[in-house]
Engineer: 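Structure provided below as structure tokens; questions to follow.
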Amino acid sequence: MTARPPVPPFTRETAIEKIRRAEDSWNTRDPEKVALAYTEDSRWRNRAEFVTGRDEIVEFLRRKWARELDYRLIKELWAFDGNRIAVRFAYESHDDSGNWFRSYGNENWEFDENGLMAVRHACINDLPIKESDRKYHWPLGRRPDDHPGLSDLGF
């Protein structure tokens, strides 16, 4: 098994690094790439959907990003301990009718000894917004280092 640094036990610094790597990966909107950060038998609860294993993760993400267009995500550390990290996040996207949303949520992550995520629980709420209320305007892909984070934006 190849390690996916940083690996547990996490410090504040390594937890923040792990979160930024996850954010960067999700902002690629590449399901196959994103799935490599999870164990082969990773278990997810995402809203009311339960997903098990990388193949289901890839299918879930394909469906997600087919609906959530121009997806841009910011994640932030909430807490950490040992091999667990709690994250809060917000992302913006629109549907195929041009309706924009900001989705807020929390995730609880548990990692194996190689730094692969074995468990992910996500709770998410969607807020319809006007396009003029968007806060995430960077080009699709990685959030620029100088772009404000969630706390800076008041989220």
Side-chain angles (χ1 to χ4, degrees), residues 3-38 42 44-49 51 57-58 60-112 115-155:
R4 185 110 174 176
V7 299
F10 296 109
T11 63
R12 179 174 177 76
E13 183 177 89
T14 60
I16 289 170
E17 179 183 349
K18 194 71 160 179
I19 292 164
R20 182 58 193 242
R21 287 182 182 207
E23 175 188 314
D24 291 348
S25 181
W26 278 64
N27 276 327
T28 69
R29 297 175 334 275
D30 180 339
E32 287 79 12
K33 178 180 179 180
V34 172
L36 294 176
Y38 301 90
S42 186
W44 287 19
R45 181 186 47 75
N46 194 91
R47 300 178 194 248
E49 189 168 352
V51 176
I57 290 169
V58 168
F60 170 87
L61 293 172
R62 283 184 183 146
R63 288 190 316 273
K64 173 183 180 62
W65 291 319
R67 294 185 315 272
E68 297 176 351
L69 308 174
D70 291 322
Y71 175 96
R72 290 171 178 85
L73 166 72
I74 299 176
K75 293 181 180 279
E76 187 172 279
L77 176 66
W78 185 254
F80 69 95
D81 183 47
N83 69 335
R84 294 180 174 168
I85 300 174
V87 175
R88 62 189 205 95
F89 65 88
Y91 63 86
E92 293 180 349
S93 64
H94 66 86
D95 62 21
D96 59 2
S97 297
N99 300 303
W100 281 91
F101 299 88
R102 186 173 305 118
S103 301
Y104 298 94
N106 300 293
E107 293 177 324
N108 296 314
W109 299 344
E110 184 177 308
F111 294 87
D112 72 5
L116 294 171
M117 195 181 301
V119 178
R120 175 184 174 266
H121 298 287
C123 296
I124 307 166
N125 299 297
D126 302 313
L127 175 69
I129 61 172
K130 297 176 189 169
E131 186 171 4
S132 61
D133 291 333
R134 291 180 51 221
K135 302 292 183 191
Y136 302 177
H137 296 285
W138 68 84
L140 289 175
R142 186 179 193 276
R143 175 174 55 102
D145 290 333
D146 61 351
H147 190 282
L150 295 179
S151 292
D152 300 323
L153 292 167
F155 294 160

Engineer: Give a yes or no on whether the backbone of R102 and the side-chain of Y136 come within a donor-acceptor separation of less than 3.5 Å.
Structural biologist: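 No.
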
Engineer: Is a side-chain N or O of R72 found less than 3.5 angstrom from the main chain of W138, in a donor-acceptor match?
Structural biologist: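 Checking the backbone N and O of W138 against the side chain of R72, a donor-acceptor pair under 3.5 Å is found.
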
Engineer: Exactly one of K18, K75, R143 should register a side chain to side chain donor-acceptor pair (under 3.5 Å) with E23. Which one does?
Structural biologist: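 With E23 as partner, side chain to side chain donor-acceptor pair (under 3.5 Å) holds for just one option, R143.
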
Engineer: Output yes when a side-chain donor or acceptor of E92 lies under 3.5 Å from a complementary backbone atom of R134, and no otherwise.
Structural biologist: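 No, because the side chain of E92 does not come within donor-acceptor range (under 3.5 Å) of the backbone of R134.
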
Engineer: For N108 and A86, which heavy atoms make the closest approach, and how far apart are they?
Structural biologist: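 Residues N108 and A86, closest heavy atoms: OD1-CB, 3.7 Å.
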
Engineer: State, to 0.1 Å, how close S42 and V119 come at their nearest heavy-atom pair, and which atoms those are.
Structural biologist: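 That would be OG-N, 4.2 Å.
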
Engineer: With a sphere of 6.0 Å drawn around CH2 of W78, does it hold more than 12 non-hydrogen atoms of other residues, nucleotides or ligands?
Structural biologist: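 Result for CH2/W78: open.
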
Engineer: List in chain and number order the residues that pass side chain to side chain donor-acceptor pair (under 3.5 Å) with S103, two or more places apart in sequence or in another chain; answer none if no residue qualifies.
Structural biologist: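 Once residues adjacent in sequence are excluded, the partners of S103 under the side chain to side chain donor-acceptor pair (under 3.5 Å) criterion are D126.
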
Engineer: Would you call D152 and E76 a side-chain contact if the rule is heavy atoms closer than 4.5 Å?
Structural biologist: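 SC-SC contact between D152 and E76 ruled out.
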
Engineer: Between the side chains of H94 and D70, is a donor N or O closer than 3.5 angstrom to an acceptor N or O?
Structural biologist: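 Present: a donor and an acceptor within the cut-off.
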
Engineer: Quick one: CG on L69 to CG on N99, what's the gap to the nearest 0.5 Å?
Structural biologist: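 Reported to 0.5 Å precision, the distance equals 11.0 Å.
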
Engineer: Quick one: sort the W109 and F111 rings into parallel, tilted or perpendicular, breaks at 30° and 60°.
Structural biologist: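 It falls in the perpendicular class, over 60°.
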
Engineer: So does K64 have more than 12 non-hydrogen atoms from other groups sitting under 6.0 Å from NZ?
Structural biologist: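 Enclosed.
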
Engineer: Not counting sequence neighbours, which residues clear side chain to side chain donor-acceptor pair (under 3.5 Å) with N27? List them please.
Structural biologist: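 N27: no side chain to side chain donor-acceptor pair (under 3.5 Å) contacts found.
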
Engineer: Tell me if the aromatic rings of Y38 and W44 count as close, with their centers under 6.0 Å from one another.
Structural biologist: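 Yes, the ring centres sit under 6.0 Å apart.
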
Engineer: Would you check, one step at a time, whether the test side chain to side chain contact (heavy atoms under 4.5 Å, CB included) holds for R20 with D145?
Structural biologist: CA-CA 10 Å; R20 182 58 193 242; D145 290 333; 3.7 Å; yes

Engineer: Is there a donor-acceptor pair closer than 3.5 Å between any side-chain N or O of R21 and the backbone N or O of P5?
Structural biologist: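 Checked: pair present.
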
Engineer: Does the side chain to side chain contact (heavy atoms under 4.5 Å, CB included) test come out yes or no for V51 and R120, once each step is laid out?
Structural biologist: CA-CA 10 Å; V51 176; R120 175 184 174 266; over 6 Å; no

Engineer: Taking all heavy atoms of A90 and all of Y104, pick out the closest pair and write down the distance.
Structural biologist: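 Heavy-atom minimum between the residues: CB-CD2, 3.9 Å.
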
Engineer: Is R45 reaching over with its side chain to a backbone N or O of A122, donor-acceptor style, under 3.5 angstrom?
Structural biologist: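 At least one qualifying donor-acceptor pair exists.
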
Engineer: What heavy-atom pair brings L61 and P31 nearest, and what distance separates the two atoms?
Structural biologist: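 Between these two residues, the closest heavy atoms are CB-CB, 3.8 Å.
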
Engineer: Assess whether side chain to side chain contact (heavy atoms under 4.5 Å, CB included) is satisfied between D30 and W65, documenting all intermediate values.
Structural biologist: CA-CA 9 Å; D30 180 339; W65 291 319; over 6 Å; no

Engineer: D133 vs W100, test: side chain to side chain contact (heavy atoms under 4.5 Å, CB included). Steps then yes/no.
Structural biologist: CA-CA 9 Å; D133 291 333; W100 281 91; over 6 Å; no

Engineer: Would you call the rings of W26 and Y71 parallel, tilted or perpendicular, taking 30° and 60° as the class edges?
Structural biologist: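 Ring orientation of W26 relative to Y71: tilted.
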
Engineer: Is R63 salt-bridged to E49, going by a charged N under 4.0 Å from an acidic O?
Structural biologist: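 Salt bridge between R63 and E49, a charged N being under 4.0 Å from a carboxylate O: yes.
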
Engineer: Using side-chain heavy atoms (C-beta onward) and a distance below 4.5 Å, is L140 in contact with R29?
Structural biologist: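 Yes, at least one pair of side-chain atoms sits under 4.5 Å.
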
Engineer: Donor-acceptor pair, R84 side chain versus G82 backbone, under 3.5 Å?
Structural biologist: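 Pair absent, no side-chain N/O of R84 close to backbone of G82.
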
Engineer: CD1 of I85 to CE of M117: how many Å apart, nearest 0.5 Å?
Structural biologist: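 One gets 7.5 Å once the value is rounded to the nearest 0.5 Å.
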
Engineer: Quick check: closest heavy atoms across P148 and I74, and the distance to 0.1 Å?
Structural biologist: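 Heavy-atom minimum between the residues: O-CD1, 3.5 Å.
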
Engineer: Taking everything shown except D81 itself, do over 12 heavy atoms lie less than 6.0 Å from its CG?
Structural biologist: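 Count not over threshold, so no.
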
Engineer: List the atom of T14, the atom of P9, and the distance in Å for their closest heavy-atom pair.
Structural biologist: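 The pair with the smallest heavy-atom distance is OG1-O, 4.5 Å.
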
Engineer: Determine whether a donor-acceptor pair (N or O, by modelled atom type, separation under 3.5 Å) exists between the side chain of R88 and the backbone of F155.
Structural biologist: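 Side chain of R88 to backbone of F155, a donor-acceptor pair under 3.5 Å: yes, one is there.
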
